[in-house]
Amino acid sequence: MPAVDEGKIDFETIELFFFAYRDFISDPDAILAKIGMGRAHHRVVYFVCRHPGMMVTDLLDTLQITKQSLARVLKQLIDSGYVRQMAGAKDRRQRRLYPTLAGRELALALSEPQSDRISRAMQELTQDQRDGVIAFLRAMRGRAEGLEAPENEVD
């Protein structure tokens, strides 16, 4: 392990991120547990609902997971009636994903408590502060240089 100067590490912000994420996903986790699903299902149904007709390859890129990880989760969502998979109109080899009505309802039920949590957290902020939060979160996106994506999905 390389030597690290602990004084340069922002432990307070790291912990705030950890606890904010834990709480942000707690409501959807509870809803999903009741139907025997987990966070991987949440991510898939969320993006399929946000981008109906997206190709499986695009979903793989978005989630940065392996085909094997997606296959298991997608099969369960299809078998449970939340997502449907169709061949592309122009290229029959394409696999396009669409939410069913039940899938859309599930995605909305999972997103609503998260949206409420965001609204509560931002209600006292000025518009400039809200814009700053959005800019900060956009700047946080992306994988650190030199780090490879994990081989399997991590919940």
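Being a predicted model, the structure only gives us computed values, none of them experimental. Here, residue 1 is the first one in the sequence, and each next residue gets the next number.
The side-chain contact (heavy atoms from CB on, under 4.5 Å) search around Tyr98 returns Pro52, Arg84, Met86, Arg96, not counting sequence neighbours. With sequence neighbours excluded, the residues forming a side-chain contact (heavy atoms from CB on, under 4.5 Å) with Val56 are Leu60, Leu70, Leu74, Gln85, Arg95, Leu97, listed by chain and number.
To the nearest 0.5 Å, atom CZ of residue Phe136 and atom OG1 of residue Thr13 are 7.0 Å apart. Rounding to the nearest 0.5 Å places CG of Leu63 at 10.0 Å from OG of Ser69. For the atom pair His51 NE2 and Thr62 OG1, the distance stands at 6.5 Å (nearest 0.5 Å). A distance of 15.0 Å separates CZ in Arg22 from CZ in Phe17, rounded to the nearest 0.5 Å. Atom CZ in Arg72 sits 9.5 Å away from atom OG1 in Thr66 (nearest 0.5 Å).
The minimum heavy-atom distance between Met122 and Val133, with the atom names listed, is CE-CG1, 3.4 Å. The heavy-atom pair separating Lys75 from Asp79 by the smallest distance is NZ-OD2, 2.6 Å.
Contact annotation: the side chain of Arg43 never approaches that of Ile65 to less than 4.5 Å [non-hydrogen atoms, C-beta and beyond]. Proximity of Met37 to Leu77: side-chain heavy atoms (C-beta onward) are separated by under 4.5 Å at one or more points.
Although no hydrogens or angles enter the test, the distance criterion places a donor-acceptor pair under 3.5 Å between the side chain of Arg117 and the main chain of Asp23.
Side-chain heavy atoms closer than 4.5 Å link hydrophobic residues (I, L, V, M, F, W, Y) into clusters, and following such links, even through other members, never connects Phe11 to Leu16. Hydrophobic cluster membership is shared by Leu125 and Met140, with clusters built from Ile, Leu, Val, Met, Phe, Trp and Tyr side chains linked at under 4.5 angstrom. Leu59 and Met55 are members of different hydrophobic clusters when ILVMFWY side chains are connected at heavy-atom separations under 4.5 Å.
Within 6.0 Å of CZ in Arg50 there are 12 or fewer heavy atoms belonging to other residues, nucleotides or ligands. Within 6.0 Å of the CD atom in Gln127, the count of heavy atoms belonging to other residues, nucleotides or ligands exceeds 12. For Glu12, the CD atom is loosely surrounded, since the number of other residues' heavy atoms within 6.0 Å does not exceed 12.
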Check: residues 101-114 side-chain donor-acceptor pairs under 3.5 Å, at least two apart:
unit_1	atom_1	unit_2	atom_2	d
Ser111	OG	Ala107	O	3.0
Gln114	NE2	Phe24	O	3.2

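In this pair, Tyr46 and His42 present their aromatic rings perpendicular. The plane angle is above 60°, beyond the 30 to 60° band.
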